[in-house]
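We name chains A, B, ... by the order of the sequence lines, and we start the count at 1 in each one.
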There are 2 protein chains.
Amino acid sequence: MNKKDAILLAGTKLFAEKGFGGTSMSELAEMTGIAGATIFYHFKTKEDLFLAVLEQVKDGILKSFDEYFAASRFENGLEMVEGVISFFLFMAGHKEEWFLLLHRNHPYRLAEVNPICRGYLEVIYNCFADVFERAIRRGRADGSIRDIPAHKTALIVLSMVDGVIRFKTCQLYDAGALFGNLMELCRRMLENPEK
Amino acid sequence: MNKKDAILLAGTKLFAEKGFGGTSMSELAEMTGIAGATIFYHFKTKEDLFLAVLEQVKDGILKSFDEYFAASRFENGLEMVEGVISFFLFMAGHKEEWFLLLHRNHPYRLAEVNPICRGYLEVIYNCFADVFERAIRRGRADGSIRDIPAHKTALIVLSMVDGVIRFKTCQLYDAGALFGNLMELCRRMLENPEK
DNA sequence: GCAAAAACTGACTGTCCAATCAGTCATACT
DNA sequence: AGTATGACTGATTGGACAGTCAGTTTTTGC
(Lines give C-alpha, C1' and ligand atoms only; values in the text may rest on other atoms or scores of the structure.)
Protein backbone atom coordinates (compact mmCIF):
# COMPACT_ATOMS: atom_id res chain seq x y z
CA MET A 1 0.00 0.00 0.00
CA ASN A 2 0.91 3.63 -0.64
CA LYS A 3 2.68 4.97 2.45
CA LYS A 4 0.47 8.04 2.61
CA ASP A 5 -2.64 5.84 2.70
CA ALA A 6 -1.06 3.61 5.32
CA ILE A 7 -0.48 6.67 7.51
CA LEU A 8 -4.08 7.80 7.04
CA LEU A 9 -5.38 4.33 7.88
CA ALA A 10 -3.31 4.03 11.05
CA GLY A 11 -4.10 7.65 11.92
CA THR A 12 -7.83 7.00 11.72
CA LYS A 13 -7.49 4.02 14.01
CA LEU A 14 -5.27 5.78 16.54
CA PHE A 15 -7.15 9.09 16.64
CA ALA A 16 -10.40 7.14 17.07
CA GLU A 17 -9.06 4.95 19.86
CA LYS A 18 -6.76 7.33 21.72
CA GLY A 19 -7.83 10.79 20.64
CA PHE A 20 -5.70 13.58 19.23
CA GLY A 21 -3.72 14.30 22.38
CA GLY A 22 -3.35 10.63 23.22
CA THR A 23 -1.86 9.72 19.86
CA SER A 24 1.84 10.29 19.27
CA MET A 25 3.43 10.57 15.87
CA SER A 26 6.21 8.18 16.87
CA GLU A 27 3.59 5.61 17.88
CA LEU A 28 1.99 6.05 14.48
CA ALA A 29 5.38 5.63 12.85
CA GLU A 30 6.12 2.46 14.79
CA MET A 31 2.68 1.03 14.00
CA THR A 32 3.09 1.51 10.26
CA GLY A 33 6.82 0.77 10.10
CA ILE A 34 7.34 4.15 8.46
CA ALA A 35 9.99 6.62 9.59
CA GLY A 36 8.63 9.43 11.74
CA ALA A 37 9.94 12.10 9.42
CA THR A 38 8.02 10.57 6.50
CA ILE A 39 4.74 11.39 8.21
CA PHE A 40 5.78 15.04 8.31
CA TYR A 41 6.75 14.86 4.67
CA HIS A 42 3.18 13.91 3.73
CA PHE A 43 1.38 15.95 6.39
CA LYS A 44 2.86 19.26 7.49
CA THR A 45 1.67 18.98 11.09
CA LYS A 46 -0.20 16.59 13.36
CA GLU A 47 -3.30 18.74 12.94
CA ASP A 48 -2.99 18.47 9.16
CA LEU A 49 -3.01 14.71 9.48
CA PHE A 50 -6.05 14.88 11.70
CA LEU A 51 -7.90 17.00 9.15
CA ALA A 52 -6.97 14.58 6.37
CA VAL A 53 -8.33 11.71 8.47
CA LEU A 54 -11.56 13.60 9.12
CA GLU A 55 -11.91 14.37 5.42
CA GLN A 56 -11.58 10.68 4.61
CA VAL A 57 -14.23 9.85 7.20
CA LYS A 58 -16.52 12.48 5.71
CA ASP A 59 -16.03 11.07 2.20
CA GLY A 60 -16.59 7.56 3.47
CA ILE A 61 -19.86 8.51 5.14
CA LEU A 62 -21.21 10.32 2.09
CA LYS A 63 -20.24 7.41 -0.15
CA SER A 64 -21.82 4.85 2.18
CA PHE A 65 -25.16 6.63 2.18
CA ASP A 66 -25.06 7.09 -1.58
CA GLU A 67 -24.48 3.39 -2.06
CA TYR A 68 -27.17 2.50 0.44
CA PHE A 69 -29.81 4.63 -1.26
CA ALA A 70 -28.74 3.42 -4.71
CA ALA A 71 -29.39 -0.16 -3.58
CA SER A 72 -32.58 0.34 -1.54
CA ARG A 73 -36.25 0.77 -2.21
CA PHE A 74 -38.82 1.71 0.42
CA GLU A 75 -42.58 1.19 0.51
CA ASN A 76 -43.12 4.54 2.17
CA GLY A 77 -41.47 7.26 4.30
CA LEU A 78 -41.87 5.45 7.59
CA GLU A 79 -40.11 2.40 6.22
CA MET A 80 -37.40 4.65 4.88
CA VAL A 81 -36.82 6.04 8.39
CA GLU A 82 -36.55 2.50 9.70
CA GLY A 83 -34.19 1.55 6.90
CA VAL A 84 -31.96 4.52 7.61
CA ILE A 85 -31.84 3.68 11.33
CA SER A 86 -30.83 0.09 10.54
CA PHE A 87 -28.17 1.34 8.18
CA PHE A 88 -26.82 3.72 10.83
CA LEU A 89 -26.50 0.89 13.31
CA PHE A 90 -24.95 -1.35 10.67
CA MET A 91 -22.43 1.34 9.81
CA ALA A 92 -21.66 1.91 13.49
CA GLY A 93 -20.74 -1.76 13.80
CA HIS A 94 -18.91 -1.95 10.50
CA LYS A 95 -17.01 1.34 10.72
CA GLU A 96 -16.74 1.77 14.46
CA GLU A 97 -13.70 4.04 14.17
CA TRP A 98 -15.73 6.67 12.30
CA PHE A 99 -18.16 6.98 15.16
CA LEU A 100 -15.49 6.79 17.84
CA LEU A 101 -13.82 9.72 16.13
CA LEU A 102 -17.07 11.66 15.86
CA HIS A 103 -17.91 10.92 19.48
CA ARG A 104 -14.66 12.46 20.66
CA ASN A 105 -14.55 16.02 21.75
CA HIS A 106 -11.50 17.17 19.85
CA PRO A 107 -13.10 17.62 16.40
CA TYR A 108 -15.69 20.00 17.85
CA ARG A 109 -13.07 22.00 19.77
CA LEU A 110 -10.98 22.25 16.64
CA ALA A 111 -14.04 23.26 14.62
CA GLU A 112 -14.39 26.34 16.81
CA VAL A 113 -11.13 27.75 15.47
CA ASN A 114 -10.59 25.87 12.21
CA PRO A 115 -13.08 26.49 9.39
CA ILE A 116 -11.94 23.44 7.40
CA CYS A 117 -12.69 21.18 10.34
CA ARG A 118 -15.99 22.95 10.89
CA GLY A 119 -16.81 22.43 7.22
CA TYR A 120 -16.21 18.68 7.35
CA LEU A 121 -18.33 18.28 10.48
CA GLU A 122 -21.12 20.32 8.97
CA VAL A 123 -21.15 18.17 5.86
CA ILE A 124 -21.26 15.00 7.96
CA TYR A 125 -24.07 16.14 10.24
CA ASN A 126 -26.03 17.75 7.43
CA CYS A 127 -25.86 14.41 5.65
CA PHE A 128 -27.06 12.60 8.77
CA ALA A 129 -29.91 15.02 9.42
CA ASP A 130 -30.83 15.18 5.74
CA VAL A 131 -31.41 11.49 5.23
CA PHE A 132 -33.86 11.47 8.12
CA GLU A 133 -35.49 14.70 7.01
CA ARG A 134 -36.04 13.40 3.49
CA ALA A 135 -37.57 10.22 4.85
CA ILE A 136 -39.90 12.17 7.13
CA ARG A 137 -40.99 14.50 4.33
CA ARG A 138 -41.69 11.53 2.14
CA GLY A 139 -43.67 9.89 4.93
CA ARG A 140 -45.73 13.00 5.46
CA ALA A 141 -46.46 13.13 1.73
CA ASP A 142 -47.50 9.47 1.49
CA GLY A 143 -49.41 9.56 4.79
CA SER A 144 -47.31 7.01 6.65
CA ILE A 145 -45.94 9.68 9.01
CA ARG A 146 -48.11 12.17 10.85
CA ASP A 147 -47.94 15.91 10.56
CA ILE A 148 -44.73 16.87 12.42
CA PRO A 149 -41.95 19.34 11.65
CA ALA A 150 -39.54 17.41 9.41
CA HIS A 151 -36.27 19.11 10.28
CA LYS A 152 -36.64 19.23 14.03
CA THR A 153 -37.98 15.71 14.19
CA ALA A 154 -35.08 14.52 12.04
CA LEU A 155 -32.63 16.08 14.52
CA ILE A 156 -34.30 14.32 17.43
CA VAL A 157 -34.33 10.93 15.69
CA LEU A 158 -30.68 11.49 14.83
CA SER A 159 -29.89 12.33 18.46
CA MET A 160 -31.59 9.15 19.53
CA VAL A 161 -29.73 6.92 17.10
CA ASP A 162 -26.46 8.71 17.77
CA GLY A 163 -27.04 8.35 21.51
CA VAL A 164 -27.59 4.61 21.22
CA ILE A 165 -24.43 4.27 19.12
CA ARG A 166 -22.42 6.29 21.62
CA PHE A 167 -23.58 4.14 24.50
CA LYS A 168 -22.52 1.12 22.52
CA THR A 169 -19.06 2.41 21.59
CA CYS A 170 -18.53 3.46 25.22
CA GLN A 171 -19.49 -0.11 26.16
CA LEU A 172 -22.17 1.12 28.53
CA TYR A 173 -24.66 -1.31 27.07
CA ASP A 174 -25.32 -3.20 23.91
CA ALA A 175 -27.15 -1.42 21.13
CA GLY A 176 -27.92 -4.75 19.45
CA ALA A 177 -30.15 -5.80 22.32
CA LEU A 178 -32.15 -2.58 21.96
CA PHE A 179 -32.55 -2.75 18.20
CA GLY A 180 -36.10 -4.10 18.15
CA ASN A 181 -37.27 -1.72 20.87
CA LEU A 182 -35.66 1.25 19.21
CA MET A 183 -37.46 0.50 15.96
CA GLU A 184 -40.80 -0.01 17.64
CA LEU A 185 -40.52 3.22 19.65
CA CYS A 186 -39.50 5.18 16.58
CA ARG A 187 -42.39 3.82 14.60
CA ARG A 188 -44.81 4.74 17.38
CA MET A 189 -43.28 8.19 17.60
CA LEU A 190 -43.71 8.96 13.92
CA GLU A 191 -46.52 6.89 12.46
CA ASN A 192 -49.77 8.38 11.34
CA PRO A 193 -52.54 6.79 13.46
CA GLU A 194 -55.23 7.69 10.94
CA LYS A 195 -53.85 5.34 8.38
CA MET B 1 -11.69 28.34 49.80
CA ASN B 2 -9.87 25.20 50.82
CA LYS B 3 -7.01 24.63 48.37
CA LYS B 4 -7.99 21.02 47.80
CA ASP B 5 -11.48 22.08 46.81
CA ALA B 6 -10.10 24.82 44.58
CA ILE B 7 -7.99 22.21 42.78
CA LEU B 8 -11.03 19.94 42.36
CA LEU B 9 -13.10 22.82 41.04
CA ALA B 10 -10.50 23.93 38.50
CA GLY B 11 -9.81 20.29 37.63
CA THR B 12 -13.45 19.67 36.82
CA LYS B 13 -13.52 22.68 34.56
CA LEU B 14 -10.27 21.87 32.78
CA PHE B 15 -10.88 18.13 32.36
CA ALA B 16 -14.34 18.94 31.01
CA GLU B 17 -13.10 21.56 28.56
CA LYS B 18 -9.76 20.13 27.48
CA GLY B 19 -9.91 16.49 28.42
CA PHE B 20 -7.42 14.46 30.44
CA GLY B 21 -4.56 14.59 27.95
CA GLY B 22 -5.20 18.21 27.07
CA THR B 23 -5.02 19.40 30.66
CA SER B 24 -1.63 20.04 32.21
CA MET B 25 -0.99 20.15 35.91
CA SER B 26 1.03 23.36 35.55
CA GLU B 27 -1.93 24.97 33.78
CA LEU B 28 -4.13 23.91 36.66
CA ALA B 29 -1.60 25.35 39.10
CA GLU B 30 -1.47 28.65 37.27
CA MET B 31 -5.26 28.84 37.06
CA THR B 32 -5.72 28.39 40.79
CA GLY B 33 -2.62 30.30 41.89
CA ILE B 34 -1.49 27.22 43.76
CA ALA B 35 2.03 25.81 43.47
CA GLY B 36 2.30 22.81 41.16
CA ALA B 37 3.75 20.62 43.89
CA THR B 38 0.76 21.30 46.14
CA ILE B 39 -1.52 19.52 43.70
CA PHE B 40 0.65 16.42 44.03
CA TYR B 41 0.51 16.76 47.79
CA HIS B 42 -3.29 16.41 47.71
CA PHE B 43 -3.55 14.02 44.76
CA LYS B 44 -0.83 11.45 44.24
CA THR B 45 -1.08 11.46 40.44
CA LYS B 46 -2.98 13.19 37.65
CA GLU B 47 -5.18 10.12 37.38
CA ASP B 48 -5.98 10.32 41.10
CA LEU B 49 -7.14 13.88 40.60
CA PHE B 50 -9.27 12.80 37.67
CA LEU B 51 -10.92 10.09 39.76
CA ALA B 52 -11.60 12.57 42.56
CA VAL B 53 -13.22 14.92 40.05
CA LEU B 54 -15.36 12.10 38.67
CA GLU B 55 -16.39 11.11 42.19
CA GLN B 56 -17.51 14.67 42.88
CA VAL B 57 -19.51 14.69 39.65
CA LYS B 58 -21.11 11.39 40.62
CA ASP B 59 -22.06 12.73 44.07
CA GLY B 60 -23.39 15.94 42.52
CA ILE B 61 -25.61 14.04 40.10
CA LEU B 62 -27.03 11.75 42.79
CA LYS B 63 -27.69 14.72 45.06
CA SER B 64 -29.35 16.72 42.28
CA PHE B 65 -31.80 13.96 41.49
CA ASP B 66 -32.54 13.38 45.17
CA GLU B 67 -33.35 17.05 45.61
CA TYR B 68 -35.44 17.11 42.46
CA PHE B 69 -37.57 14.16 43.52
CA ALA B 70 -37.90 15.50 47.06
CA ALA B 71 -39.36 18.72 45.63
CA SER B 72 -41.57 17.30 42.85
CA ARG B 73 -44.94 15.65 42.59
CA PHE B 74 -46.29 14.04 39.41
CA GLU B 75 -49.82 13.30 38.34
CA ASN B 76 -48.77 10.03 36.72
CA GLY B 77 -45.83 8.11 35.25
CA LEU B 78 -45.93 9.81 31.88
CA GLU B 79 -45.69 13.22 33.52
CA MET B 80 -42.85 11.93 35.62
CA VAL B 81 -40.94 10.95 32.45
CA GLU B 82 -41.52 14.43 31.10
CA GLY B 83 -40.43 16.00 34.37
CA VAL B 84 -37.24 13.95 34.40
CA ILE B 85 -36.43 14.94 30.82
CA SER B 86 -36.89 18.62 31.68
CA PHE B 87 -34.70 18.22 34.69
CA PHE B 88 -32.00 16.53 32.60
CA LEU B 89 -31.98 19.41 30.16
CA PHE B 90 -32.01 21.93 33.01
CA MET B 91 -29.05 20.18 34.61
CA ALA B 92 -27.19 20.05 31.29
CA GLY B 93 -27.48 23.83 31.08
CA HIS B 94 -26.73 24.46 34.72
CA LYS B 95 -23.87 21.97 35.15
CA GLU B 96 -22.54 21.80 31.63
CA GLU B 97 -19.12 20.67 32.80
CA TRP B 98 -20.58 17.44 34.19
CA PHE B 99 -21.93 16.46 30.82
CA LEU B 100 -18.87 17.63 28.92
CA LEU B 101 -16.85 15.34 31.14
CA LEU B 102 -19.23 12.42 30.65
CA HIS B 103 -19.29 13.00 26.91
CA ARG B 104 -15.53 12.66 26.67
CA ASN B 105 -13.98 9.37 25.80
CA HIS B 106 -11.33 9.22 28.49
CA PRO B 107 -13.54 8.13 31.42
CA TYR B 108 -14.73 5.10 29.47
CA ARG B 109 -11.20 4.16 28.39
CA LEU B 110 -10.04 4.46 31.98
CA ALA B 111 -13.01 2.41 33.16
CA GLU B 112 -11.75 -0.51 31.11
CA VAL B 113 -8.68 -0.83 33.32
CA ASN B 114 -9.65 0.98 36.52
CA PRO B 115 -12.44 -0.53 38.61
CA ILE B 116 -12.92 2.62 40.69
CA CYS B 117 -13.59 4.64 37.56
CA ARG B 118 -15.85 1.90 36.24
CA GLY B 119 -17.73 1.97 39.54
CA TYR B 120 -18.38 5.71 39.39
CA LEU B 121 -19.62 5.53 35.81
CA GLU B 122 -21.89 2.62 36.63
CA VAL B 123 -23.42 4.51 39.53
CA ILE B 124 -24.01 7.55 37.32
CA TYR B 125 -25.61 5.67 34.44
CA ASN B 126 -27.59 3.39 36.73
CA CYS B 127 -28.98 6.52 38.33
CA PHE B 128 -29.85 7.97 34.92
CA ALA B 129 -31.48 4.79 33.67
CA ASP B 130 -33.21 4.18 36.99
CA VAL B 131 -35.09 7.44 37.14
CA PHE B 132 -36.55 6.79 33.71
CA GLU B 133 -37.27 3.17 34.50
CA ARG B 134 -39.12 4.06 37.71
CA ALA B 135 -41.18 6.62 35.84
CA ILE B 136 -42.08 4.10 33.12
CA ARG B 137 -43.04 1.42 35.65
CA ARG B 138 -45.23 3.90 37.45
CA GLY B 139 -46.81 4.93 34.17
CA ARG B 140 -47.53 1.34 33.28
CA ALA B 141 -49.12 0.81 36.68
CA ASP B 142 -51.33 3.91 36.48
CA GLY B 143 -52.17 3.35 32.81
CA SER B 144 -50.61 6.53 31.44
CA ILE B 145 -47.88 4.55 29.64
CA ARG B 146 -48.57 1.59 27.40
CA ASP B 147 -47.24 -1.91 27.90
CA ILE B 148 -43.57 -1.68 26.99
CA PRO B 149 -40.39 -3.14 28.56
CA ALA B 150 -39.44 -0.63 31.25
CA HIS B 151 -35.69 -1.11 31.37
CA LYS B 152 -35.00 -1.19 27.64
CA THR B 153 -37.34 1.71 26.99
CA ALA B 154 -35.64 3.68 29.75
CA LEU B 155 -32.26 3.12 28.08
CA ILE B 156 -33.59 4.37 24.76
CA VAL B 157 -35.18 7.47 26.27
CA LEU B 158 -31.91 8.10 28.10
CA SER B 159 -29.98 7.74 24.82
CA MET B 160 -32.27 10.23 23.20
CA VAL B 161 -31.94 12.84 25.93
CA ASP B 162 -28.21 12.25 26.21
CA GLY B 163 -27.88 12.57 22.44
CA VAL B 164 -29.69 15.90 22.43
CA ILE B 165 -27.48 17.16 25.24
CA ARG B 166 -24.34 16.03 23.46
CA PHE B 167 -25.35 17.82 20.28
CA LYS B 168 -25.89 20.91 22.33
CA THR B 169 -22.57 20.78 24.19
CA CYS B 170 -20.80 20.12 20.86
CA GLN B 171 -22.56 23.23 19.56
CA LEU B 172 -24.00 21.31 16.63
CA TYR B 173 -27.45 22.74 17.25
CA ASP B 174 -29.47 24.15 20.07
CA ALA B 175 -31.28 21.75 22.35
CA GLY B 176 -33.52 24.54 23.62
CA ALA B 177 -35.14 24.95 20.22
CA LEU B 178 -35.98 21.24 20.20
CA PHE B 179 -37.39 21.08 23.72
CA GLY B 180 -41.05 21.21 22.77
CA ASN B 181 -40.64 18.70 19.94
CA LEU B 182 -38.64 16.34 22.09
CA MET B 183 -41.36 16.33 24.73
CA GLU B 184 -44.13 15.78 22.24
CA LEU B 185 -42.30 12.91 20.50
CA CYS B 186 -41.53 11.27 23.82
CA ARG B 187 -45.11 11.53 24.91
CA ARG B 188 -46.27 9.98 21.65
CA MET B 189 -43.71 7.22 21.99
CA LEU B 190 -44.80 6.18 25.46
CA GLU B 191 -48.43 7.17 26.05
CA ASN B 192 -51.17 4.63 26.33
CA PRO B 193 -53.64 5.31 23.50
CA GLU B 194 -56.45 3.48 25.27
CA LYS B 195 -56.62 6.03 27.99
C1' DG C 1 4.57 29.11 74.17
C1' DC C 2 6.06 25.07 72.06
C1' DA C 3 6.43 20.79 69.66
C1' DA C 4 4.51 17.90 66.29
C1' DA C 5 1.85 17.33 62.36
C1' DA C 6 -0.08 18.94 58.26
C1' DA C 7 0.01 22.07 54.39
C1' DC C 8 2.61 24.07 51.17
C1' DT C 9 6.41 25.43 47.89
C1' DG C 10 10.57 26.35 44.43
C1' DA C 11 13.74 24.07 42.10
C1' DC C 12 14.72 20.24 39.71
C1' DT C 13 14.70 15.70 36.77
C1' DG C 14 14.01 12.40 33.26
C1' DT C 15 10.97 11.45 29.65
C1' DC C 16 8.35 12.12 25.74
C1' DC C 17 6.99 14.40 21.74
C1' DA C 18 6.13 17.49 17.54
C1' DA C 19 8.73 19.27 14.26
C1' DT C 20 13.19 20.17 11.54
C1' DC C 21 16.89 19.35 8.49
C1' DA C 22 20.49 17.74 5.79
C1' DG C 23 21.03 14.36 3.09
C1' DT C 24 20.03 9.53 0.70
C1' DC C 25 17.38 6.69 -2.43
C1' DA C 26 14.03 5.66 -6.22
C1' DT C 27 11.86 6.97 -10.41
C1' DA C 28 11.02 9.34 -14.73
C1' DC C 29 12.35 11.89 -18.38
C1' DT C 30 15.83 13.38 -21.98
C1' DA D 1 24.34 8.12 -18.81
C1' DG D 2 22.85 12.16 -16.64
C1' DT D 3 19.91 14.94 -14.09
C1' DA D 4 15.91 16.58 -12.02
C1' DT D 5 12.05 15.61 -9.09
C1' DG D 6 9.62 13.46 -5.60
C1' DA D 7 9.78 9.99 -1.73
C1' DC D 8 11.91 8.88 2.20
C1' DT D 9 14.93 8.74 6.53
C1' DG D 10 18.24 9.06 10.94
C1' DA D 11 19.69 12.16 13.93
C1' DT D 12 18.62 15.99 16.45
C1' DT D 13 16.37 19.90 18.94
C1' DG D 14 13.78 22.62 22.01
C1' DG D 15 9.93 22.69 24.76
C1' DA D 16 6.37 20.77 27.71
C1' DC D 17 5.02 17.79 31.05
C1' DA D 18 4.21 14.52 35.28
C1' DG D 19 6.15 13.67 39.18
C1' DT D 20 9.97 14.22 43.16
C1' DC D 21 12.28 16.14 46.99
C1' DA D 22 14.20 18.78 50.49
C1' DG D 23 12.99 22.31 52.98
C1' DT D 24 9.66 26.19 54.73
C1' DT D 25 5.37 27.86 56.62
C1' DT D 26 0.98 27.25 58.88
C1' DT D 27 -2.08 24.94 61.89
C1' DT D 28 -3.22 22.07 65.81
C1' DG D 29 -3.12 20.13 70.39
C1' DC D 30 -1.46 20.65 74.86
Below 4.0 Å from chain B heavy atoms, what is the first contacting nucleotide of DNA chain D and what is the last?
D:dC17 to D:dC21

Distances under 3.5 Å only, N/O to N/O: pair up the protein atoms with those of nucleotides 20-26 of chain C.
none

Do any pairs count as a side-chain hydrogen bond (donor to acceptor under 3.5 Å, both in side chains) and have a residue in residues 80-100 of chain A, sequence neighbours left out, and if so which ones?
A:Glu82-A:Arg187

Mind listing the side-chain donor-acceptor pairs of residues 48-64 of chain A below 3.5 Å, one per line with the distance, residues two or more places apart or on another chain?
unit_1  : atom_1 : unit_2   : atom_2 : d
A:Glu55 : OE1    : A:Tyr120 : OH     : 3.3
A:Lys63 : NZ     : A:Glu67  : OE2    : 3.3
A:Ser64 : OG     : A:Gly60  : O      : 2.9

Do any side-chain atoms of residues 109-117 of chain A form donor-acceptor pairs under 3.5 angstrom with protein atoms, and if so which ones, sequence neighbours left out?
unit_1   : atom_1 : unit_2   : atom_2 : d
A:Arg109 : NE     : A:Asn105 : OD1    : 3.1
A:Asn114 : OD1    : A:Ile116 : N      : 2.8
A:Asn114 : OD1    : A:Cys117 : N      : 3.0
A:Asn114 : ND2    : A:Glu47  : OE2    : 3.4

Any residue meeting ring pair (Phe, Tyr, Trp, His ring centres under 6.0 Å) with B:Tyr68, in chain and number order, not counting sequence neighbours
B:Phe87

Under a single-linkage rule joining Ile, Leu, Val, Met, Phe, Trp and Tyr whose side-chain heavy atoms are separated by less than 4.5 Å, which residues share a cluster with B:Met1?
B:Leu9

Near-strand residues of residues 9-30 of chain A, defined as heavy-atom separation under 4.0 angstrom from DNA chain D:
none

Is B:His42 near enough to C:dC8 that one of its side-chain N or O atoms lies under 4.0 angstrom from OP1 or OP2?
yes

What side-chain donor-acceptor pairs closer than 3.5 Å can you find for residues 125-132 of chain B, not counting sequence neighbours?
unit_1   : atom_1 : unit_2   : atom_2 : d
B:Tyr125 : OH     : A:Arg166 : NH2    : 3.3
B:Tyr125 : OH     : B:Tyr108 : OH     : 2.7
B:Asn126 : ND2    : B:Glu122 : O      : 3.3

Residue pairs involving residues 11-40 of chain B (criterion side-chain hydrogen bond (donor to acceptor under 3.5 Å, both in side chains); sequence neighbours excluded)
B:Lys13-B:Glu17, B:Lys18-B:Glu27, B:Ser24-B:Ser26

What ring pair (Phe, Tyr, Trp, His ring centres under 6.0 Å) pairs are there with at least one residue in residues 133-160 of chain A, not counting sequence neighbours?
none

side-chain hydrogen bond (donor to acceptor under 3.5 Å, both in side chains) filter on B:His42, not counting sequence neighbours, yields none

Distance, rounded to the nearest Å, where B:Ile39 contributes CD1 and C:dT9 contributes C1':
12 Å

Nearest 0.5 Å, what's the CE-CE distance between A:Met189 and B:Met160?
6.0 Å

Can a side chain N or O of B:Lys4 be found less than 4.0 Å away from OP1 or OP2 on C:dC8?
no

